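Single-structure report; data block below.
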Amino acid sequence: MRFPKNFFWGGATAANQLEGAWNVDGRGPSVDDHFTGGGYGKPREITIDIKPDVLYPNHDGVDFYHRYEEDIALFAEMGFTMFRMSIAWSRIFPQGDDAAPNEAGLAFYDRVFECCRAHGIEPLVTLSHYEMPYHLVELYNGWESRELIGLFERYCATVFERYQDKVRYWLTFNEINCGTSRMGALFETSMIRGYEGPGSKVVVTPQQCYQALHHQFVASARVVRLAHERYPQFKMGNMDCFILSYAATCDPVDVLATQQEMNRMNWYCSDVQVRGRYPFYAKRYWAEHGIELDVRPGDLEDIAAGTVDFYTLSYYMSATVGTHGDHEQTAGNMSFGGKNPYLESTDWGWQIDPTGLRIALNEIYARYEIPLMVVENGLGAFDEVEEDGAIHDPYRIAYLESHVRAMGEAVADGVDLIGYTWWGPIDLVSAGTGEMRKRYGFIHVDKYDDGTGTYERRRKDSFYAYQRIIATNGACLDG
Ligand code: BGP
């Protein structure tokens, strides 16, 4: 394995799944604070009011808010050179449309970034990771409204100015392409008005999804341009949930359906954010799905002027697309596809496919030829703490090593890959299910689905495996 000399190794998190302290130091409620716990096959519910007898797992997260120094020290011990995290918009603007930012919220991230820098860790900051102040959901139904563009710009301008000397790498929207599907749109665009759980009758239409995405594209492009104009030291990235699709058979009809699925899921958003224009196939897609975009004067110019500097993706699994008979479906959180008989799945039904990561990186790089980063990849699994406190997780080590090998091959293929941040280097609340027992971490957190636990941190075997990989820049996997 020969990774580039300054390759970034690290881990990735999101504020709402990690921080806790949901109503501390002036923070306003965020949309995720209204999500209950769920499970495999049991979707999370959304409640309009916060009910005192219901457990909302994001309220406490894993208490990073009070334990960030210990956590970042553990990341440094593993050898991290990058830490991907997000800013909770409602810590900065508690209602989203407040007259002035919340100083205590700004000061918290000052401390976190300073702590990272003290350990030689470069922060990679997501501006919007599946959350917004709940007040904006009530007022505007999230990104359905154009009003969000200006509010998001103001929030970003505030944090850019404040952290200009502490943060260089930024991502605008986490997994923006999940907004192209109904389930993903609930998370990505916060269009939850009227959604009251699995039995809910609310349907988010393609028209709503694509209009909301248009607002996000304009917002993203405007803040990218702002960053480029005012802060030349910044590097701005997009972030897509990459689901590689294979044709289930070699029937050309399946191959065509796969190409169309790749266009929708993987290329539609990144074409806009990397190339600065809607792709050529968009018009036909909109027409066939009854989508009529409200595009205002200046929108397309904004999109053209705000293209990103690097491309980032999450990669967990691949899927198949088939048109013959009953095509068995896989599990996922925001996106689902068909089963592949050649692949094994995780305990939550996600298909494990390291070779697919090499394929994906080659495809993306061939299309855009800008630097790439894998900013999420990981395995959600059950872990057991032994009597002596050890946590043996060979399954996680195998997943990690196979995906690092695949990235090493992609680098050898010539792909300009500049970093890798494992999803959930410390156990945190699952986005899709709200569970704690779906653990991703190299660091175990003593916290359970019923809300109990001491929050004590413990190193798993995988902690040392990742430490070795980082120390040798991947070379320990040679041979
Ligand atoms: C991605 C999200 C993350 C994260 C991850 C794992 O889609 O960007 O926030 O949670 O998936 O998914 P889950 O938590 O549902 O297991």
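Just follow the structure's listing: the first ligand is 1, and inside any ligand the first atom is 1. Computed from a predicted structure; not experimentally measured.
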## Note on the structure
Tested for side chain to side chain donor-acceptor pair (under 3.5 Å) against Asp383, the lone hit among Arg437, Arg458, Lys460, His444 is Lys460
### Task
Report the part of Tyr40 in contact with ligand 1, treating N, CA, C, O as backbone and CB onward as side chain, heavy atoms under 4.0 Å; options are side chain, backbone, both, neither.
neither
### Query
Can you tell me if Gln17 and Tyr130 form a side-chain donor-acceptor pair at under 3.5 Å?
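Not at all, the side chains of Gln17 and Tyr130 share no donor-acceptor pair under 3.5 Å.
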### Query
Excluding sequence neighbours, so at least two apart, what forms salt bridge (charged side-chain N to carboxylate O under 4.0 Å, His left out) with Arg117?
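If we apply the salt bridge (charged side-chain N to carboxylate O under 4.0 Å, His left out) test to Arg117, skipping adjacent residues, the hits are Glu122.
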Any N or O of [X] that comes nearer than 3.5 Å to an N or O of ligand 1?
X	result
Thr433	no
Ala431	yes
Gly432	yes

### Best match, Glu435, Glu188, Lys438, Glu376: closest heavy atom to atom 2 (C) of ligand 1
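The residue whose heavy atom sits nearest atom 2 (C) of ligand 1 is Glu376.
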### Query
Does Phe187 come within less than 4.0 Å of ligand 1, judged by its heavy atoms?
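No; Phe187 lies far enough from ligand 1 that no heavy-atom distance drops under 4.0 Å.
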### Query
Measuring from the heavy atoms of Trp348, does anything fall under 4.0 Å of ligand 1?
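Flag not set, Trp348 not near ligand 1.
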Numbered atoms of ligand 1 (with element) below 4.0 Å of [X], judged on heavy atoms:
X	value
Asn174	8 (O)
Tyr440	6 (C), 12 (O), 13 (P), 16 (O)
Ser430	13 (P), 14 (O), 15 (O), 16 (O)

### Query
Just wondering, are more than 12 heavy atoms of other shown residues or ligands nearer than 6.0 Å to CD in Glu384?
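No.
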### Message
One thing to verify: whether Lys447 and Asp427 come together as a salt bridge, which I'm taking to mean a side-chain N less than 4.0 angstrom from a carboxylate O.
### Response
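Result for this pair is no, no salt bridge flagged.
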### Query
Do the rings of Tyr268 and Phe217 sit parallel, tilted or perpendicular, given the 30° and 60° boundaries?
tilted
### Task
Assess whether ring-ring contact (aromatic ring centres under 6.0 Å, His included) is satisfied between His214 and Tyr210, documenting all intermediate values.
CA-CA 6 Å; His214 179 73; Tyr210 284 80; over 10 Å; no
